[in-house]
J.: 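Encoded as structure tokens, here's the structure I'll be asking about.
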Amino acid sequence: EMCIRDSTKRMALALTWVAAFWQANSATLTRIYAVKCFDTFALKKKKDITRVGRRMVVKTALMKVKTEIAIMKKLRHANIVNCLEVMDDPDIERLYIVMEYVKGGVMLEDDGLTSAVATLPSPGPFNERDAAVYFAQLAQGLAYCHSHNVVHRDIKPENVFIDQAGNVKLGDFGLARLHVPDGRPYSHQVATRWYRSPELLYGAQHYDGGCDMWAVGCICFELVDLRFMTDVAPGGAHALLAQLPELLRAVAGRYGGAFK
């Protein structure tokens with residue numbers, strides 16, 4: 001029922017690509033979907049080698065996408081971008097993840113201004129109440145993920161969306177993994193470096209959802225201060241660790257009420 005094949009054929013004219021995002025209209029309903037489209041031929045050829053513990057793990061990109069699909073199928077929550085359908089078209093070697101379309105925008109734009117959603121405050125730092133509301137919604141979505149043993153591992157403003165009703169939705173589970181407390185190691189080379197927790201920065205390979213909460217805290221700081229982590233620590237994520245005590249004191253002193 002979705003008009004995606006024609007647009008995908010046009011996309012195939014590009015020289016090289018692995019995945020792309022499209023909007024699709026239902027043929028029978030007035031509804032817009034977000035469609036993540038993959039070139040399965042390219043995914044099979046693309047391999048990543050990662051050191052996990054003492055082992056070198058080789059995975060194709062297709063294996064990673066299948067993990068993403070399996071995780072998204074487990075989750076359904078008001079504060080998560082939900083997966084609605086997965087379609088495979090072997091004739092043209094395409095794989096589609098159909099998701100709900102969040103009509104609004106990301107929580108923070110690249111230019112440091114709040115997302116252009118009518119219900120959000122005008123450009124400038126969020127006041128304490130609004131920041132606490134959005135923080136709580138993001139935390140609820142994340143708590144749901146953790147209750148299903150899913151660690152997101154890539155929380156950043158570009159992966160947090162706000163719809164026109166002011167609802168926060170966590171998206172992009174491409175780096176997410178099921179957390180099994182059996183001692184198995186995980187790669188520490190995850191998450192955008194500015195939002196990596198201290199244990200990831202120091203190369204830990206045994207960690208849990210705490211790394212997600214660190215990233216949520218970074219986003220909370222960005223909301224109330226309107227400085228991106230790249231501006232706070234231009235020397236890199238490790239430089240951020242050196243500034244951490246000072247940053248915590250500044251946030252606690254300025255926004256101690258709702259976040260205490």
Side-chain angles (χ1 to χ4, degrees), residues 43 46-77 79-81 83 135-160 168-222 228-230 232-233 235-248 251-252 259:
L43 290 176
K46 182 177 174 60
K47 295 182 179 180
D48 292 328
I49 302 176
T50 306
R51 179 181 293 275
V52 179
R54 297 182 178 180
R55 299 179 296 117
M56 301 300 293
V57 178
V58 180
K59 288 186 176 181
T60 66
L62 182 58
M63 295 169 63
K64 293 185 176 182
V65 170
K66 288 183 176 180
T67 299
E68 177 183 358
I69 291 173
I71 287 175
M72 292 192 71
K73 283 185 173 182
K74 284 173 58 75
L75 305 175
R76 186 161 296 275
H77 190 271
N79 299 119
I80 292 176
V81 178
C83 173
F135 175 86
Q137 291 187 62
L138 178 56
Q140 287 172 356
L142 183 58
Y144 176 82
C145 292
H146 290 173
S147 70
H148 286 71
N149 299 319
V150 172
V151 182
H152 188 281
R153 307 201 305 177
D154 194 22
I155 294 179
K156 56 185 177 181
E158 296 87 344
N159 289 339
V160 181
V168 174
K169 292 180 178 287
L170 176 62
D172 195 345
F173 287 79
L175 291 180
R177 291 293 181 270
L178 288 175
H179 179 259
V180 182
D182 61 355
R184 73 176 63 178
Y186 296 90
S187 172
H188 67 280
Q189 296 176 329
V190 294
T192 302
R193 60 176 181 163
W194 305 103
Y195 302 90
R196 286 179 185 167
S197 59
E199 61 268 31
L200 295 179
L201 290 174
Y202 286 120
Q205 295 186 328
H206 296 89
Y207 53 86
D208 55 21
C211 65
D212 289 339
M213 280 307 302
W214 172 275
V216 170
C218 291
I219 292 177
C220 179
F221 171 81
E222 291 176 323
F228 277 77
M229 302 308 293
T230 51
V232 174
H238 285 84
L240 177 62
L241 290 179
Q243 302 179 42
L244 181 60
E246 180 181 351
L247 288 172
L248 292 178
V251 173
F259 297 104

J.: Is there a side-chain contact between Glu222 and Pro157 (heavy atoms, below 4.5 Å)?
T.: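 Yes, close enough: below the 4.5 Å cut-off.
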J.: Could you measure the distance from the CD1 atom of Ile69 to the CG atom of Leu62? Nearest 0.5 Å is fine.
T.: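 The CD1 atom of Ile69 sits 8.0 Å away from the CG atom of Leu62.
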J.: Dump the intermediate steps for side chain to side chain contact (heavy atoms under 4.5 Å, CB included) on Cys211 and Glu199, then the final yes or no.
T.: CA-CA 8 Å; Cys211 65; Glu199 61 268 31; 4.0 Å; yes
J.: Within the 4.5 Å heavy-atom criterion, are Lys169 and Val81 side-chain neighbours or not?
T.: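 Lys169 reaches Val81 side chain to side chain.
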J.: Test of understanding: with side-chain hydrogen bond (donor to acceptor under 3.5 Å, both in side chains), list the residues that count as partners of Gln140, not counting sequence neighbours.
T.: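 Gln140: no side-chain hydrogen bond (donor to acceptor under 3.5 Å, both in side chains) contacts found.
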J.: Working to the nearest 0.5 angstrom, can you tell me the gap between Lys156 NZ and Ile219 CD1?
T.: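 Nearest 0.5 Å value for the NZ-CD1 distance: 10.0 Å.
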J.: Main chain of Arg196, side chain of Trp214: is a donor-acceptor contact present, judged purely on distance under 3.5 Å?
T.: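 Yes; judged by distance alone, with no hydrogens or angles, the pair exists.
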J.: May I ask you to test the Asp208-His179 pair for a side-chain heavy-atom distance under 4.5 Å?
T.: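 With C-beta onward as the side chain, the pair touches.
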J.: Do Leu138 and Leu142 make a side-chain contact, defined as non-hydrogen atoms from C-beta onward lying under 4.5 Å apart?
T.: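 No, side chains not in contact.
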J.: Could you tell me whether a side-chain N or O of Arg76 sits under 3.5 Å from a main-chain N or O of Cys83, the two making a donor and an acceptor?
T.: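 Yes.
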J.: Evaluate Phe173 against Ile80 for side chain to side chain contact (heavy atoms under 4.5 Å, CB included), listing each step before the verdict.
T.: CA-CA 10 Å; Phe173 287 79; Ile80 292 176; 3.8 Å; yes
J.: Does any part of the side chain of Tyr195, heavy atoms only, come nearer than 4.5 Å to the side chain of Asp154, both counted from C-beta?
T.: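 No. Closest side-chain heavy atoms not under 4.5 Å.
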J.: Measure the spacing between CG of Leu178 and NE2 of His148 and express it to the nearest 0.5 Å.
T.: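 The NE2 atom of His148 is 11.0 Å from CG of Leu178, to the nearest 0.5 Å.
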J.: For a 4.5 angstrom cut-off between non-hydrogen side-chain atoms, does Val151 reach Cys145?
T.: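 SC-SC contact between Val151 and Cys145 ruled out.
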J.: Please evaluate residues Tyr207 and Arg153 with respect to the criterion side-chain hydrogen bond (donor to acceptor under 3.5 Å, both in side chains), reporting the C-alpha separation (whole Å), side-chain torsions for both, the decisive distance (0.1 Å), and the verdict.
T.: CA-CA 10 Å; Tyr207 53 86; Arg153 307 201 305 177; 2.8 Å; yes
J.: Does Thr67 have any side-chain hydrogen bond (donor to acceptor under 3.5 Å, both in side chains) partners at least two apart in sequence or in another chain, and if so, which?
T.: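 Listed in chain order: nothing, the list is empty.
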J.: To the nearest 0.5 Å, how far apart are CD in Glu68 and CG in Asp172?
T.: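 Those atoms lie 6.5 Å apart.
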J.: When rounded to the nearest 0.5 angstrom, what is the spacing between NE2 in His152 and CG in Asn159?
T.: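 Going from the NE2 atom of His152 to the CG atom of Asn159 covers 5.5 Å.
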J.: Does the side chain of Arg177 come within less than 4.5 Å of Lys64's, by heavy atoms?
T.: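 The answer is yes, as the side chains (C-beta and beyond) meet within the 4.5 Å cut-off.
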J.: With sequence neighbours excluded, what pairs up with His77 under the ring pair (Phe, Tyr, Trp, His ring centres under 6.0 Å) test?
T.: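 Ring pair (Phe, Tyr, Trp, His ring centres under 6.0 Å) list for His77, sorted by chain: Tyr144.
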J.: Do Thr60 and Lys46 have side chains that get closer than 4.5 Å, going by heavy atoms?
T.: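 No, side chains not in contact.
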